[in-house]
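The shown structure was predicted, so the numbers you read here are calculated from the model rather than taken from an experiment. Every chain is numbered from 1 and lettered A, B, ... according to where its sequence line falls, protein lines coming before strand lines.
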Protein chains: 2
Amino acid sequence: MDLEPRSATPASSALARERALELLSRGKRFVLSGHQRPDGDCLGAQAALASLLLDQGREVWIYNPDLPEKRYAYLGEKVQQRAFTGGDLPLHDVSVLLDFSELTRTGDLAPVLAKHPSKKLVVDHHIHHGAPWWDECYVDVTASATGLLVRRIARELGWKLDRSAAQGVFTSLVTDTGWFKYSNTDAETLSVAAEMIALGVEPSSIFDKLYQQRTRHHPAYLARLLARTEYLADGRLAVVDQPLAEKLDPDLVDSDELLDILRSVASVEVVLYLREIPSGACKLSARSKTDYDVNALARRFGGGGHRKASGATIPGTLGDVRPQLVTAALEGFGASAPTPR
Amino acid sequence: MDLEPRSATPASSALARERALELLSRGKRFVLSGHQRPDGDCLGAQAALASLLLDQGREVWIYNPDLPEKRYAYLGEKVQQRAFTGGDLPLHDVSVLLDFSELTRTGDLAPVLAKHPSKKLVVDHHIHHGAPWWDECYVDVTASATGLLVRRIARELGWKLDRSAAQGVFTSLVTDTGWFKYSNTDAETLSVAAEMIALGVEPSSIFDKLYQQRTRHHPAYLARLLARTEYLADGRLAVVDQPLAEKLDPDLVDSDELLDILRSVASVEVVLYLREIPSGACKLSARSKTDYDVNALARRFGGGGHRKASGATIPGTLGDVRPQLVTAALEGFGASAPTPR
């Protein structure tokens, strides 16, 4: 299963990175934008870059298509995290897209950004599919997190990180490495994390904010989901589905936690968590422990991400979506579809 | 709740550390010993020190009172991890105790070590209660893991770590910091972890070996335990008990995972997991998210550990032990005992 197009951009050239740095150092008024339902890497990288720019005397606004989850509020202490609700953006000369490269993922912001005469800069560690559309880019798909790229940018520009910027970078790193567990955790990642601690970040405090704010009902809800685990392909594939009728408050369960538990089973190579949502669609979270490419799988259903962690929002009821998804997932193992139940 | 005796040893003096290093550099034949049911910090620190000593041309044996859990087998690749089964130890001039300081915790090894004329060295990061009994010690209770002390020792002696030693140090660090989540995760810890990656350690591979070898039954067992969660003291205390009759295979559940999930509830400050075992006793695992000292609690029941992570094996049935434990735990909040059910 390999759906990578030939035009994919793996990393900016040294020259392209130079031009990106020049844009950052010459710009005066910046709008930083993220993708829909911005995650900790996107928000952390934004907080870090916004803090750095502010310290350099620039004007900075953060506009995302959606408001962040409450647990990320600490990242908005220095520069407010705004949700775009229509109208015009503040006057600015540079728009920076962090942690993604497809303008459509900014939702209602997309047409506004597209028509705005600002220069467009992409800072990202995902593979871009299609032709480049931006003015400049600072991309490295081998970087564990976009926040790591912001750290590199600061070093190359000689900009110092304060504690607020350090919290942003640290949040990026832990979000995209599964708190330093995934195979993208390299020496640079841990070395930068150590540096962020020296700048005042307290890992246990960040962990508490991100992952220890659950309600008392959480263990029981998690137990109900775990009890729904099904194995296919001799236990290489684990599937948990969550019908709308289960009425599990989606905010109560952090899907990463559930996915990590399923991945802890020795035989399991791929985990699919498929949650029916009220809009008549299903949200897929897919994870791989091996070379199995869940990005390719998610792209078949209109989603994407990384080879080992991807997602998609798939139109249709659970009854419609699940069999298609399972069949496609089994093909990835070279296994045939299961007998209908 | 403060049961720390005045004689506790917080850290070796610089002079004491010098003497400890001298013992390591002059010794020829070493026996490294750990505590009963050796954990990842103990075994990782042993593997690292054994590897270093072997590279320096010394003879090294590792003897623990118990065989390690199977998941730690990769730590025995260079120097075999042996269980002491009686008889004599090999001739040696230095015995090193790693990750503990009370000789009784070596079980059947204790009298053999005590009568052996070898010099005794303690390398540890726990508080020692009582008078020092060893010849030399290299202790720092602020160190996140004993493996970190082995790293410091190597640096001070100018000994290079190979990949095998690096795996030992890395395993120590991740074991005792809850994979870099707990408040003992400092800049030195992450910086040394980064260094170990540069020496060839693959975090995701270590994670897989330690935490992703579970059976397919694991999610369902974990679900059953989570469903037993009870809250006391307005949700500040979470208790999970596991009666012998539940017949949950204890090896199927890593108590850290269960404890971490309970700790993720915002109101919870202390988690107690009490598991009835066949010998007519209960095993307690206690964790704290706050200043609440679970070491003091565990010591009241004959156990111990750290302020935030402690354990005990308490004689008696679950019916006997649980009410006593809960009463003692509630006293720590200044709360009164619950009404009997």
Side-chain angles (χ1 to χ4, degrees), chain A residues 174 177-199 201-208 210-229 231 235 238 240 254 257-258 260-268 289 308, chain B residues 174 177-199 201-208 210-229 231 235 238 240 254 257-258 260-268 289 308:
Chain A
V174 297
T177 61
W179 204 278
F180 310 123
K181 290 191 304 281
Y182 302 156
S183 58
N184 58 349
T185 308
D186 54 13
E188 182 185 8
T189 301
L190 284 177
S191 165
V192 169
E195 192 195 343
M196 299 306 112
I197 294 179
L199 289 169
V201 172
E202 290 174 16
S204 65
S205 156
I206 303 283
F207 188 80
D208 185 59
L210 292 179
Y211 303 114
Q212 297 188 323
Q213 298 306 319
R214 297 187 175 119
T215 73
R216 291 194 209 179
H217 307 295
H218 173 74
Y221 277 107
L222 181 61
R224 278 168 60 190
L225 278 182
L226 287 171
R228 300 183 64 86
T229 307
Y231 298 103
V240 170
D254 177 339
E257 179 186 45
L258 174 70
D260 283 349
I261 294 168
L262 297 173
R263 211 164 8 185
S264 78
V265 174
S267 67
V268 168
K289 256 163 79 177
K308 299 215 165 181
Chain B
V174 298
T177 61
W179 204 278
F180 309 125
K181 289 190 305 280
Y182 303 157
S183 58
N184 58 350
T185 307
D186 55 14
E188 182 184 9
T189 301
L190 283 178
S191 164
V192 169
E195 191 194 344
M196 298 306 113
I197 294 178
L199 290 169
V201 172
E202 290 174 15
S204 64
S205 157
I206 303 282
F207 188 80
D208 185 58
L210 292 178
Y211 303 114
Q212 298 188 322
Q213 299 306 320
R214 297 185 175 123
T215 73
R216 291 194 209 178
H217 307 294
H218 173 74
Y221 277 108
L222 181 61
R224 278 168 61 189
L225 277 181
L226 286 171
R228 299 184 65 87
T229 308
Y231 298 103
V240 169
D254 177 339
E257 178 186 45
L258 174 71
D260 283 349
I261 293 168
L262 298 172
R263 212 165 6 185
S264 77
V265 174
S267 67
V268 167
K289 254 162 80 177
K308 300 214 166 185

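Other residues, nucleotides and ligands contribute over 12 non-hydrogen atoms within 6.0 Å of the CD atom of B/Gln212.
A/Thr185 OG1 to B/Ile206 CD1: the interatomic distance, rounded to the nearest 0.5 Å, is 12.0 Å. A distance of 5.0 Å separates NZ in B/Lys181 from CZ in A/Phe207, rounded to the nearest 0.5 Å. Interatomic distance, CG of B/Leu226 versus CZ of A/Arg224, reported as 13.5 Å (0.5 Å rounding). A distance of 11.0 Å separates CG of A/Asp260 from CG of B/Asp260, quoted to the nearest 0.5 Å.
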*Test side-chain contact (heavy atoms from CB on, under 4.5 Å) applied to A/Ile197 and B/Glu188, step by step*: CA-CA 9 Å; A/Ile197 294 179; B/Glu188 182 184 9; over 6 Å; no

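Heavy atoms of B/Thr229 lying under 4.5 Å from chain A belong exclusively to its side chain. For B/Tyr182, the part sitting under 4.5 Å from any heavy atom of chain A is the backbone (N, CA, C, O) and nothing else. For chain A, the nearby parts of B/Gln213 are the backbone and the side chain; heavy atoms of each come within less than 4.5 Å. Residue contact with chain A, scored on non-hydrogen atoms closer than 4.5 Å, involves the side chain of B/Asp208 exclusively.
Considering only heavy atoms from C-beta on, B/Val265 stays 4.5 Å or farther from A/Thr215 through its side chain. Side-chain contact between A/Val192 and B/Leu190 is absent, with no heavy atoms from C-beta onward closer than 4.5 Å.
Taking both residues in full, the closest heavy atoms of A/Ala198 and B/Ala187 are given as N-CB, 4.2 Å, listed atom of the first, atom of the second, then distance. Closest non-hydrogen pair, A/Trp179 versus B/Phe180, comes out as NE1-O, 3.0 Å.
Note: A/Ser264 leads A/Ser204, A/Ala220, A/Ser264, A/Ser191 in heavy-atom pairs under 4.5 Å with chain B. Options A/Ser205, A/Ala193, A/Ser267, A/Ala194 differ in how many heavy-atom pairs under 4.5 Å they form with chain B, and the most are formed by A/Ala194. Heavy-atom pairs under 4.5 Å with chain B were tallied for A/Ser183, A/Pro219, A/Ala238; the largest tally goes to A/Pro219.
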